[in-house]
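Just so we're on the same page: letters track the sequence lines, and every chain starts at 1.
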2 protein chains.
Amino acid sequence: MDKSELLRIIGKRILELREEKNLTQLDLAAKIEGDFDTTNVSRIESGRTNPTIFTLYRIAQALDVKLEDIMKIEIPED
Amino acid sequence: MDKSELLRIIGKRILELREEKNLTQLDLAAKIEGDFDTTNVSRIESGRTNPTIFTLYRIAQALDVKLEDIMKIEIPED
DNA sequence: TCCATACTTGACATTTTTGACAAGTCAAGA
DNA sequence: TCTTGACTTGTCAAAAATGTCAAGTATGGA
């Protein structure tokens, strides 16, 4: 799996989790610890950025899920 | 959990996985797809840097574990 | 049609990761 | 002691994430 595919999958997973909670990007950004903008949510969900683990951790916290839940992705065998 | 604690935990987990496989930092760096230096392994294992998800993914691949296995950390309740 | 909401996209400055190299520490063994 | 291997730490440039704002698109409702 290449970088862009990984980022798309992670982003899609975050989008799914956010929609499960019925949150808008604005709601999510507001729940995230520290400064966070809907711009970043959009960029991450659409796979246009390669977030750091701390950024993902803050997102996981705001979504009330574990960090590993965001990583539970069906990784195509290479 | 604050940022530095998260990074220390993730780093420790990678160190554990690497030692389970009896790899040196040099071995690991060499197995990682694309360019990777032992400097980076050291910085990540010691929690001095906040790696991107793609970097962690490449490390997971080199360690033959799933990305989520690196994230399976006992998260202290806040 | 107009408006509001939700989201995307572009631009920008700041900060940080990444990749590379050199030098330093530290421990084990000849 | 000297050397080797493993790892750490500092510096540096290049690339990229982050944070912020503004503008654009799209949809649905009044």
Side-chain angles (χ1 to χ4, degrees), chain A residues 1-65 67-68 70-71 73, chain B residues 1-65 67-68 70-71 73:
Chain A
M1 181 161 55
D2 69 2
K3 181 173 175 178
S4 64
E5 189 177 359
L6 173 73
L7 299 185
R8 276 193 300 99
I9 291 175
I10 297 278
K12 191 157 144 264
R13 180 85 183 110
I14 291 172
L15 171 64
E16 282 169 8
L17 290 166
R18 177 172 64 81
E19 292 188 333
E20 272 176 27
K21 314 272 177 179
N22 285 307
L23 299 173
T24 65
Q25 290 183 348
L26 187 62
D27 294 332
L28 178 60
K31 286 191 72 178
I32 291 175
E33 172 199 311
D35 296 320
F36 217 94
D37 198 85
T38 56
T39 306
N40 298 324
V41 178
S42 178
R43 288 192 284 218
I44 291 167
E45 284 185 353
S46 60
R48 255 171 299 115
T49 207
N50 175 17
T52 64
I53 192 63
F54 181 57
T55 292
L56 291 177
Y57 173 69
R58 285 188 296 163
I59 292 173
Q61 275 194 311
L63 289 170
D64 283 309
V65 298
L67 191 44
E68 64 183 274
I70 292 181
M71 307 305 150
I73 52 184
Chain B
M1 181 161 57
D2 69 3
K3 181 174 175 178
S4 64
E5 189 177 0
L6 173 73
L7 299 186
R8 276 193 300 98
I9 291 175
I10 297 277
K12 191 156 144 268
R13 180 83 184 111
I14 292 172
L15 171 64
E16 281 168 9
L17 290 166
R18 176 172 64 79
E19 293 188 333
E20 272 176 27
K21 313 273 177 181
N22 286 305
L23 298 173
T24 65
Q25 290 183 348
L26 186 63
D27 294 333
L28 178 59
K31 285 191 73 178
I32 292 175
E33 173 198 311
D35 294 320
F36 217 93
D37 198 86
T38 55
T39 307
N40 298 326
V41 178
S42 178
R43 287 191 284 218
I44 292 167
E45 283 185 352
S46 61
R48 255 171 299 116
T49 206
N50 175 17
T52 63
I53 192 61
F54 181 56
T55 292
L56 291 177
Y57 174 68
R58 285 187 296 162
I59 291 173
Q61 275 194 312
L63 288 170
D64 283 309
V65 299
L67 191 43
E68 65 183 275
I70 292 181
M71 307 305 150
I73 52 183

K.L.:
Walk me through whether B:Ile53 and B:Leu67 qualify under side chain to side chain contact (heavy atoms under 4.5 Å, CB included).
P.N.:
CA-CA 9 Å; B:Ile53 192 61; B:Leu67 191 43; 3.9 Å; yes

K.L.:
Given salt bridge (charged side-chain N to carboxylate O under 4.0 Å, His left out), test A:Asp37 with A:Arg43 step by step and report yes or no.
P.N.:
CA-CA 10 Å; A:Asp37 198 85; A:Arg43 288 192 284 218; over 6 Å; no

K.L.:
Please lay out, stage by stage, how B:Asn50 and A:Thr55 fare under the test side chain to side chain contact (heavy atoms under 4.5 Å, CB included).
P.N.:
CA-CA 9 Å; B:Asn50 175 17; A:Thr55 292; 5.5 Å; no

K.L.:
So A:Met71 and A:Ile10, do their side chains get closer than 4.5 Å, heavy atoms only?
P.N.:
yes

K.L.:
Got a donor-acceptor contact below 3.5 angstrom from the A:Arg58 side chain to the A:Glu33 backbone?
P.N.:
yes

K.L.:
With a 4.0 Å limit, can you tell me whether A:Arg18 has a side-chain N or O closer than that to the phosphate oxygens OP1/OP2 of C:dA6?
P.N.:
no

K.L.:
Expressed as a whole number of angstroms, how long is the span from A:Glu45:CD to C:dT8:P?
P.N.:
7 Å

K.L.:
What one-letter contact string describes nucleotides 17-27 of chain C from 5' to 3', where B marks a base within less than 4.0 Å of any protein heavy atom, S marks contact via sugar-phosphate atoms alone, and - marks no contact?
P.N.:
SBBBB------

K.L.:
If only atom types and distance count, is the side chain of A:Ser46 paired as donor or acceptor with the main-chain N or O of A:Ser42 below 3.5 Å?
P.N.:
yes

K.L.:
Give the C-alpha distance, both sets of side-chain angles, the deciding distance and a yes or no for side chain to side chain contact (heavy atoms under 4.5 Å, CB included) between B:Thr49 and B:Asn40.
P.N.:
CA-CA 8 Å; B:Thr49 206; B:Asn40 298 326; over 6 Å; no

K.L.:
Could you check B:Met1 against B:Ile9 for side chain to side chain contact (heavy atoms under 4.5 Å, CB included), going step by step and ending with a plain yes or no?
P.N.:
CA-CA 10 Å; B:Met1 181 161 57; B:Ile9 291 175; 3.6 Å; yes

K.L.:
For DNA chain D, which nucleotides open and close the run of contacts to chain A, 5' to 3', at under 4.0 angstrom from a non-hydrogen atom?
P.N.:
D:dA17 to D:dC21

